[in-house]
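Just so you know, these numbers use all the heavy atoms, side chains as well, and skip hydrogens, waters and symmetry mates. Residue numbers begin at 1 in each chain, while the letters A, B, ... track the order of the sequences. Being a predicted model, the structure only gives us computed values, none of them experimental.
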Amino acid sequence: MFKAGKYDVIVIGAGHAGIEAALASARIGCKTLMTTLSLENIAMMPCNPSIGGPAKGHLVREVDALGGQMGITADETCIQFRMLNTSKGAAVRALRAQADKKIYQVAMKEVCENTNNLDIKQVLIERVVVENEKVIGVEAETGEFFEGKTVILASGTYLNGKIIIGETTYKGGPNGQRAAINLSDSLKELGVKFMRFKTGTPARVDARTLDFSKMELQAGDENIQSFSFMTDTPVKNKTFCYLTYTNEKTHEILRKNLHRAPMANGIIEGTGPRYCPSIESKIIMFPNKERHQLFLEPEGLHTQEFYVQGMSTSMPMDVQIEFLHTIPGLENVKIMRPGYAIEYDCIDPLQLKSTLEFKGITGFFSAGQSNGSSGYEEAAAQGLIAGINAAMFVKNEEPLILKRTEGYIGVLIDDLVTKGTQEPYRMMTSRAEYRLLLRQDNADIRLTPHGRRVGLVSDERWNRLQIKKAEIKSATDRLNEIILTPNRETNEKLNSIGISEINSVMPLSDLLRRTEISYEKLQKYFDLPKISDTARYQVNTNFFYEGYIKKQSELAMKIEKLESRLIPEGIPYKEILNLRSEAREKLSKIQPRSIGQASRISGVSPADISVLIVWIEHQNRIKNQNDFESCN
Amino acid sequence: MKSQQRTLLFCGRKIFMIQEETISAISTAVGESAIGIVRMSGERAIEIADEIFEDINGKKLSKIENRKIVYGKIFDSKKNVIDEVLTFIMRAPNSYTREDVIEFQCHGSAAALEKILTRTLECGARLAERGEFTKRAFLNGRLNLSQAEAVLDIIQAKTTEALKIAEEKLSGKMTDEIYKVKQQILNVISHIEAVIDFPEDDIDEITINEINKSIDLIVNEIDELLKTEAKGKILREGIETVIIGKPNVGKSSLLNFLSKREKSIVTEIPGTTRDAIEEYVNFNGILLKIVDTAGIHKSEDKIEQIGIERSKNFANKAALILALFDGSRKFDEEDEEILKFIDGKNAIILMTKSDLPTEIEKNKLQKFNPTKISVKNGTGINELYKNILKKINNLSNELNFIKSARELEILKRVKNHVTDAKKALELNIETDLISIDLRSALQALDELTGESVSDEIVNEIFSKFCVGK
């Protein structure tokens with residue numbers, strides 16, 4: 001066997017998970033190899049041309065706060081930005097941007113190619129090599145063996161991929177790529193358990209055949225924000241999206257051809273995501289809905305290709321063309337790439353620890369869509385954590401495990417490794433219990449210290465955070481120092497700036513709880529420190545939502561107590577007969593790392609948790625007693 | 001002991017004890033003992049006790065020495081006395097659990113005990129799980145190693161019991177009602193959340209008006225459920241019933257017949273049953289808490305006189321009186337007094353010993369339409385059952401009520417959260433904050449049903465809204 005190199009970390013795949021994993025480990029200082037089937041496909045977006053949105057935008061911010069790449073590159077290359085949910089409260093405000101797919105890829109490839117410690121190779125990995133339950137490297141299709149202390153699987157939807165367009169199927173990865181067939185089998189030999197998932201994507205159409213005059217124009221925001229806490233150059237809107245709707249005629253054609261849908265004729269076996277239903281599923285599930293909306297989004301600035309968001313389908317080509325032609329603005333549309341469904345193998349994430357390392361295979365990690373998630377952002381977040389933890393493993397340092405109370409990333413990974421998933425897992429704000437604490441605006445305050453600890457946060461990023469925190473503190477202190485007394489002078493002053501009178505003594509900060517008052521407004525009339533926009537936003541938010549933030553913090557603290565009760569590894573759950581049998585089975589499968597995680601496993605009751613706590617303490621005592629005897 | 005973490009040295013190694021919530025429970029079994037104990041353990045035990053208990057000398061418990069017993073009263077939130085109690089105060093670490101512990105020793109009526117328990121919950125304690133005091137005792141180093149097994153067994157018992165309860169609940173009507181409330185909350189949340197998570201999808205925004213309306217409906221529904229609390233409690237704890245009648249009229253025989261156990265002593269000598277005996281009787285599914293009193297008659301015997309006074313007291317408080325008249329003897333002065341006594345009370349008139357020749361004058365009881373019974377041959381028992389049913393008809397024809405203190409506590413919490421949401425709405429607060437309160441409500445309900453809030457919301461969104469790219 002030809003030994004082609006020796007690495008600390010080997011990453012299989014160069015999609016959104018793979019890039020973040022490889023960049024993180026290389027930046028931390030580990031000798032890293034990133035492999036891909038095709039160098040043209042680094043950071044490819046095979047589905048929608050957009051990044052962010054509710055919960056997903058939060059993930060991008062968190063990746064950025066930890067020192068990841070996605071936010072920075074998105075800011076540099078995206079062509080339209082919108083802040084969503086602006087009227088709905090700070091917790092759910094979320095940035096979403098239209099990406100220029102090609103430019104994003106070029107930029108990402110450039111970043112990777114210019115990162116120290118990082119080798120990039122176009123090669124198909126066929127085998128992960130394990131010895132004594134420990135990973136030792138990977139083997140390529142072309143015979144090379146790459147020795148690795150750790151390996152990260154970030155193979156997306158390529159594992160045993162199968163493309164389905166109507167009655168046509170073939171083996172392949174997304175967007176005309178090859179599939180990784182043998183890798184899947186090699187992992188099965190290692191005892192890795194797989195699930196079969198499915199996802200789909202709509203057709204891409206030729207802009208020259210679209211009549212935009214029949215559609216609603218969707219422009220970007222005027223005052224736009226960026227994803228990255230490091231971006232200083234204002235991001236720019238360079239394009240538009242368009243909105244149009246299906247109608248009864250469209251639905252008629254789809255209904256007439258339902259028997260030809262792969263879902264109906266049994267070609268598709270995998271489980272598809274509920275949040276990404278094909279148009280044919282939509283009309284079955286919601287037969288009373290008179291119209292479904294579709295957005296036409298440019299795939300980039302240098303192409304005529306438009307993405308038809310909302311019309312994901314795996315219908316035969318003739319049906320795809322026929323139903324698209326019924327839609328206003330699309331009467332003469334020409335398809336450039338067909339919509340298709342892809343079925344792929346993904347691992348059952350219950351096999352992973354919270355570090356994303358496989359429980360039974362030391363040094364082998366997994367991240368991204370191959371873990372049963374979906375979405376570029378979800379992939380990037382896992383990739384980053386897997387990359388950090390592989391590096392921590394190599395350096396023999398504490399792994400990074402984010403709590404549910406610390407970030408969406410914590411929620412995402414905890415959900416995957418504790419509850420598993422029955423469909424491609426998408427991040428949603430409703431999945432986060434403490435979302436008022438996990439705002440996109442405070443991701444740096446929450447997570448940058450973690451990034452600093454593992455060695456991913458540069459001095460510059462760190463200093464920015466320190467300045468911001470100092471600004472917040474000085475403003476907060478000052479607001480609490482200034483005491484207002486309800487006399488004529490005060491009330492006249494308040495009236496003059498359009499603030500209603502006060503009736504009791506209060507610190508100035510109390511005024512910030514009122515909707516109409518902001519720091520900016522108070523700054524004009526009171527001696528308050530001048531601080532940056534971002535710090536000001538924090539101050540306003542912290543005071544305005546204080547009551548709710550306190551409520552959530554209290555709940556979060558309760559939960560964190562349980563999280564900090566760690567469970568020693570290797571507990572023989574099957575022997576703890578006081579546990580109910582379902583609990584015994586689930587606990588020994590999932591091997592939770594803390595009492596908190598154990599309590600979230602479905603089928604484990606509060607009484608089981610009590611039994612477990614007492615059992616662990618019992619063992620501790622026996623151990624201590626023995627120690628005591630031996631020290632006497 | 002105020003700090004969040006206490007340290008114990010254990011063979012040179014630090015064991016961190018984590019301060020837990022304050023727990024509370026009735027630690028004596030219902031109907032099995034003369035006195036009852038409500039016990040609290042945890043950081044806030046003394047503080048909570050001070051909120052609900054007043055020492056006879058007006059001294060705060062927080063100022064009272066360790067391991068002292070003080071006498072005083074427990075009040076409800078409207079400052080009405082619930083019970084006279086002895087309060088035992090044990091400060092950490094000199095207590096069973098090594099936490100601050102308060103014990104209220106009360107008179108043992110199930111109703112009083114439950115009221116006191118409810119008060120502690122209202123003031124911030126959490127209902128203890130089975131074996132939780134012992135679990136804490138063990139975890140805090142109070143029990144030795146050999147006792148650990150026992151701890152596990154106690155908790156284990158909870159598991160099977162919980163399963164039983166779960167099964168009961170599944171078939172119970174109350175669960176349906178709770179599910180209804182839960183579904184309504186889910187409807188509102190999922191709509192709010194769908195709009196938040198899929199802002200660019202074609203979903204009609206939920207209006208403040210709609211949320212308001214739904215919340216009002218939910219609060220009404222919960223209030224209806226809370227009203228059933230009293231009903232549930234009566235049926236749960238037994239309808240307080242008193243059997244009265246002159247000596248040897250057959251009170252104890254009737255009780256024994258109903259309970260089919262030889263608990264009270266039945267003799268032919270008048271005045272044997274001197275003290276009152278409490279007995280829980282499951283009469284074809286109706287739980288009667290029967291107090292068998294000393295026979296009411298004029299007596300020179302001092303002890304017996306006390307007994308008679310007590311029977312009258314019990315009869316005055318009882319929800320139902322079974323008044324017995326001996327059919328085999330002449331109507332006498334004592335019977336007359338009993339008739340007078342029960343006038344205007346919720347009583348069923350029974351003519352006993354119908355197996356013997358009738359000696360009692362017909363005209364004396366005729367207008368009361370007495371039920372003739374004989375415990376010897378069982379005549380009239382069915383009729384008695386029907387009469388009891390009639391008397392408590394309003395209570396039991398609808399078996400839709402709150403089943404436990406836990407359900408009650410949770411429903412109250414749910415109501416608080418939902419009311420918070422409503423208050424927030426009035427302040428014109430953003431909808432995602434409204435869903436924080438509603439989520440807390442759902443979380444509380446899920447403690448009853450054991451589901452996961454996030455999963456439920458996500459499932460609801462996908463089943464109701466057409467979302468996704």
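Highest contact tally toward chain B, considering only A:Lys551, A:Met427, A:Met428, A:Lys419, is held by A:Met428 [criterion: heavy-atom pairs under 4.5 Å]. Counting heavy-atom pairs closer than 4.5 Å to chain B, the top-ranked of the candidates A:Gly547, A:Ser430, A:Ser602 is A:Ser430. By number of non-hydrogen pairs under 4.5 angstrom with chain B, the leading residue of A:Met285, A:His292, A:Glu433, A:Lys289 is A:Lys289.
Interface remark: A:Ser281 contributes no atoms to any contact with chain B (heavy atom separation under 4.5 Å). For A:Arg514, no part lies near chain B; criterion is any non-hydrogen pair under 4.5 Å. Of the atoms belonging to A:Arg600, not a single heavy atom falls under 4.5 Å from chain B. Residue contact with chain B, scored on non-hydrogen atoms closer than 4.5 Å, is absent for A:Ile279. When heavy atoms are compared at a cutoff of 4.5 Å, A:Ala94 does not approach chain B at all. The contact between B:Leu433 and chain A is made by backbone and side chain atoms together, counting heavy-atom distances below 4.5 Å. For chain B, the nearby part of A:Gln552 is the side chain; its heavy atoms alone come within less than 4.5 Å. Heavy atoms of B:Leu427 lying under 4.5 Å from chain A are absent altogether. Using a 4.5 Å cut-off between heavy atoms, A:Tyr434 does not touch chain B at all.
When atom types are taken as modelled, the side chain of B:His191 and the backbone of B:Asp204 share a donor-acceptor pair closer than 3.5 angstrom.
With contacts defined as side-chain heavy-atom distances shorter than 4.5 Å, the pair A:Glu563/A:Arg404 does not qualify. At a threshold of 4.5 Å between non-hydrogen side-chain atoms, the residues A:Pro54 and A:Asn85 count as touching.
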Under the side-chain hydrogen bond (donor to acceptor under 3.5 Å, both in side chains) rule, what do B:Ser435 and B:Glu193 come out as? Steps first, then yes or no, please. CA-CA 8 Å; B:Ser435 88; B:Glu193 304 276 302; 2.8 Å; yes

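Under the salt bridge (charged side-chain N to carboxylate O under 4.0 Å, His left out) test applied with B:Glu21, the options B:Arg44, B:Arg136, B:Arg126 reduce to a single match, B:Arg126. A:Thr429 pairs with exactly one of A:Arg435, A:His58, A:Lys88, A:Lys56 by the side chain to side chain donor-acceptor pair (under 3.5 Å) rule, that one being A:Arg435.
Both tests pass for A:Arg431 against the ring of A:Tyr425: distance under 6.0 Å to the centre and angle within 45° of the axis.
Salt bridge annotation for B:Asp446-B:Lys182: present, with a cationic side-chain nitrogen under 4.0 angstrom from a carboxylate oxygen.
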